Amino acid sequence: MEAVQHLHSPCLVLAGAGSGKTRVITHKIARLMQPGYGADLAPSQIGAITFTNKAAAEMRERVKDLVGPRAAGKLMVCTFHSLGVRLLREDGEALGLKPQFSILDADDVTSILRDCGATTDAKLARSWQWQISLWKNMGLTSGQAMSVIKTDEEQVAVRVMKLYEERLLAYQAVDFDDLIGLPLKLLAEHEHVRAKWQRQLRHVLVDEYQDTNATQYEMLKLLVGPNGIFTAVGDDDQSIYGWRGATLDNLKRLPQDFPTLKVIPLEQNYRSTSAILRAANNVIQLNPKLFQKTLWSDLGEGEPVRLVECDNEEHEAERAVARIQAVRGGNASGVQAAVEWNNFAILYRANHQARIFEQALRKANIPYKVSGGQSFFDKAEIKDLCAWLRLLINNDDDPAFLRAATTPKRGIGHQTLGSLGEFAGQWKKSLFEALFADSLAAKLNARALGTLHEFGRFVNDLEYKARHTHGAEDAKAFLMEWLKEIGYEQHLYDNEENEKVAAARWNNVLDFVDWVAKRCGGEIENDGGMTTESERKSVLDVAQTISLITSLAERNADQNVVTLTTLHASKGLEWPHVVLAGCNEGLLPFSREEGEISGQQVEEERRLMYVGITRARLSLMVCVLRRRKKGREYVQAMPSRFVAEMKLGEGTPGESPRERIKRLREELAAKAKAAPPPSGD
DNA sequence: AGCGGCGTCATTTTT
DNA sequence: TGACGCCGCT
């Protein structure tokens, strides 16, 4: 394959949906390491960058199969963010960041912003958070953002951002956006650091390149240097994260920024039938093209795409369930394969659509999982424990301090913390530092002071032990001892009136303990024929990596259940049989008020539709609602314009639904004509 | 300080 | 339909 052979200049692989891009990347990595092909790189000189931990894990696994565990272990396969962490931990001191800095998750950020903006309104805080994140992703500081603000709300957001920046510095904490922005700054401003990493990484491969934002592209450029060699793999037609800062400009600019860039399109699709692919192509061809590309497959025509009209959401769920049962029973025309539950997925635009499907599936006794729901690390009990660990790593992490000091309740109340906070602010110390200051005694009564000191000593003691506890077994013992000392199990039962819920929470805690302990290693692992003792890490080492990890993917992989997922989260996945739910105007081209949607937004929504269609291998069912629930009552629902764009003419039996869709589509067009046309299309 | 009733309001989401 | 904020009451 050309993309794999091309080793000596920058390379852009335009990997259409289902064209086997992971295979290209893994084979290219193998080739780069293979002697006699001119590259001859050591594993440690190759970096493969992905967006999610899951993708990184999968990549590592696939490479391991090709080059063996030894070489694979030395490769740098990581996410943009974990790469950022590595840069900052190794060289961040040049920016005045101590190596044990804390990484804040989204909730921490929300509560800090509430504080900075002096409000209790989480929604307002989240809107700031959102805005600040966009600015950061464009590479702007609060000072620079000041010059681009348009509205009063943005004015306020900038002011809050300023305070927020100061606060993070004081906490020695960074948020997720900083994990890109700060390394970028580091590389840009410190030549020796830049030289070090450019020497280290001789070939960088970037997965899902179309999802990169402005700062990630800048970071990539600095990482590879002006003459750098890299492989970017992506698909402009699958760019669906514009709303969080990803920009196709990065794709546009690549040929200009790197004149020797070789562009290689991958147009053969190994996943879907021609019927499905034709529908996908019909839709996406209506978007302006950055690079020309038309997918084809030799998997045969296959079943026609089914268009199903449903009265409302409940009816839609019933029909989806009926479809699944029919295919599984082998009664559906043309589908013969042994059909397991995990061959099915129901895709939808917005999370709340899952509920009705869940009900219907439960009623039909069909096992399912909802992806993208609350993740393990979002659960309150896990966050409690993570706050403790964070405090051990970085004593100056005030948000962690507050959470740890008050969960479980240990006699440190709002009064005490208020005074402590005031004192700390006055002397520009972290809460933890302030707690041991002599002059604090003047501000607090003896009892409160005693409790605080006791807490501080406990944390110090714990920190010492965590630093010196290595290996899975000792780690587990240490963690259990700690939980016992803070009385965490009791705390759960005290604060949860429902005993079952408390038990479930405690179970999560135990899972968490096992998970951390496992990562402390020291156990004999079987690594594809070779047994190696994994590296022994201290509890503290492991704790440092936690905030980057958001799922326990290894725990619930490969369950034989039907998948319910949003279109966004479905990218990169595939199923033999797919149901595309709620293909209606306002929902799939999502729009807040009827018709209020810009041309750019429609394009991204169209790509989303394209992603959805191309998830299906053998059969695709597209659902359109006649009426949908809006608030409490049903409203007329227009079929999505994308349904007509699929041009499901050929070979569809049963003309009546199609006719009806056509009619509704025409009505929609007439209505659009009557109303003032949306700008920018 | 904590709890319960009432009104408001709803994309997508990884790290 | 439900999650959450706010306010007033104990």
Side-chain angles (χ1 to χ4, degrees), chain A residues 49-56 78-86 88 103-110 114 119-127 129-130 133-134 136-137 174-183 207-208 211-213 215-216 219 238-246 312-314 347-356 358-359 371-375 377-378 409 413-415 495 497 545-551 553 565-572 582 584 586-593 596-597 601 604-605 607-609 611-612 628-634:
Chain A
I49 309 180
T50 64
F51 273 86
T52 65
N53 288 303
K54 198 174 146 214
C78 60
T79 63
F80 266 106
H81 296 266
S82 54
L83 174 63
V85 172
R86 214 174 126 184
L88 290 181
I103 302 166
L104 304 175
D105 69 28
D107 285 351
D108 299 324
V109 173
T110 313
R114 271 201 305 206
T119 178
T120 55
D121 187 349
K123 212 171 250 165
L124 180 61
R126 260 190 283 266
S127 77
Q129 188 169 357
W130 167 251
S133 176
L134 282 180
K136 283 190 167 192
N137 285 163
V174 303
D175 63 24
F176 286 128
D177 301 319
D178 291 333
L179 292 179
I180 311 298
L182 293 178
D207 191 21
E208 305 280 17
D211 290 340
T212 50
N213 63 36
T215 52
Q216 283 160 338
M219 178 166 153
Q238 292 186 70
S239 162
I240 55 175
Y241 286 109
W243 51 273
R244 66 180 197 210
N312 54 40
E313 285 91 343
E314 282 81 14
L347 312 184
Y348 38 80
R349 175 64 228 256
N351 271 318
H352 67 257
Q353 294 174 264
R355 281 215 6 239
I356 295 153
E358 282 189 77
Q359 283 168 9
S371 91
Q374 198 194 28
S375 107
F377 287 90
D378 288 339
K409 298 259 181 290
H414 281 109
Q415 312 274 36
N495 287 280
E497 63 267 35
T545 66
I546 288 179
S547 26
L548 280 182
I549 296 158
T550 47
S551 72
T565 180
T566 61
L567 287 161
H568 282 96
S570 76
K571 191 166 63 129
N584 287 87
L587 237 193
L588 190 31
F590 182 88
S591 59
R592 189 158 262 192
E593 262 122 80
E596 292 256 336
I597 177 167
Q601 282 172 306
E604 182 151 315
E605 297 288 313
R607 292 193 287 266
L608 202 50
M609 181 76 181
V611 165
R628 73 192 171 91
K629 250 188 207 129
K630 202 170 186 185
R632 212 171 297 127
E633 60 240 20
Y634 284 104

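Predicted, not measured: the structure shown is a model, and the values here were computed from it.
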Fill in: Check: A:N213 main-chain N/O paired with A:Q216 side-chain donor or acceptor under 3.5 Å
yes
Worksheet item: What distance separates A:L134 CG from A:R244 CZ, expressed to the nearest 0.5 Å?
Response: 11.5 Å
Worksheet entry | Among B:dT12, C:dG2, B:dT15, the one nearest A:T52 by side-chain distance | B:dT15
Discussion item. Under the rule for side chain to side chain contact (heavy atoms under 4.5 Å, CB included), what residues qualify as partners of A:R86, not counting sequence neighbours?
Written reply: A:M76, A:E90, A:W197
Worksheet item: Between A:H568 and A:Y241, how do the two ring planes meet: parallel, tilted or perpendicular, split at 30° and 60°?
Response: tilted
Discussion item. Using OP1 and OP2 only, check whether a side-chain N or O of A:N53 sits under 4.0 Å from B:dT15.
Written reply: yes
Worksheet item: Just how far, in rounded Å, is P of B:dT15 from CH2 of A:W243?
Response: 12 Å
Could you write out each protein N or O paired with an N or O of nucleotides 4-7 of chain C at a distance under 3.5 Å?
unit_1	atom_1	unit_2	atom_2	d
C:dC6	OP2	A:T120	OG1	3.3

Item to complete: Look at A:N351 and B:dT13 and indicate whether a side-chain polar atom (N or O) is within less than 4.0 Å of OP1 or OP2.
Response: yes
Practice prompt. Using atom CD of A:E604 as one end and atom P of B:dT13 as the other, report the distance to the nearest whole Å.
Written response: 13 Å
Practice prompt. Write down the distance between CD (A:E208) and C1' (B:dT15), rounded to a whole number of angstrom.
Written response: 15 Å
Worksheet item: Between C:dT1, B:dT15, B:dT11, which nucleotide has the shortest distance from any of its atoms to the side chain of A:A106?
Response: B:dT15
Worksheet item: Whole-Å distance between B:dT11 P and A:N584 CG?
Response: 17 Å
Item to complete: Could you state the atom-to-atom distance from CG of A:N137 to P of B:dT15 in whole Å?
Response: 15 Å
Worksheet entry | Nearest-nucleotide pick for A:H568, side chain only, options being B:dT15, B:dT14, B:dT12 | B:dT12
Discussion item. Which nucleotide wins on minimum distance to the side chain of A:T79, given the candidates C:dT1, B:dT13, B:dT15?
Written reply: B:dT15
Worksheet entry | OP1 or OP2 of B:dT15 under 4.0 Å from side-chain N/O of A:S82 | no
Worksheet item: Is the aromatic ring centre of A:F176 closer than 5.5 Å to the centre of the six-membered base ring of B:dT14, with the two planes inclined by less than 30°?
Response: no
Worksheet item: A:Q129 CD to B:dT15 C1': how many Å, rounded?
Response: 12 Å
Discussion item. Is there a side-chain contact (heavy atoms from CB on, under 4.5 Å) between A:L104 and A:V109? Walk through the geometry before answering.
Written reply: CA-CA 6 Å; A:L104 304 175; A:V109 173; 4.1 Å; yes
Worksheet item: Between atom OH in A:Y348 and atom C1' in B:dA10, what is the gap in whole Å?
Response: 17 Å
Item to complete: Using the test side chain to side chain contact (heavy atoms under 4.5 Å, CB included), find all partners of A:D178 that sit at least two apart in sequence or belong to another chain.
Response: A:K136, A:L168, A:V174, A:D175, A:L182
Item to complete: Report the nucleotide, chosen from B:dT11, C:dG2, B:dT15, that has the shortest atom-to-atom distance to any side-chain atom of A:F590.
Response: B:dT11
Worksheet item: Is the shortest distance from a Lys or Arg side-chain nitrogen in A:R355 or A:E358 to a carboxylate oxygen in the other one below 4.0 Å?
Response: no
Worksheet item: What is the distance from CD1 of A:I356 to P of C:dT1, rounded to the nearest Å?
Response: 10 Å
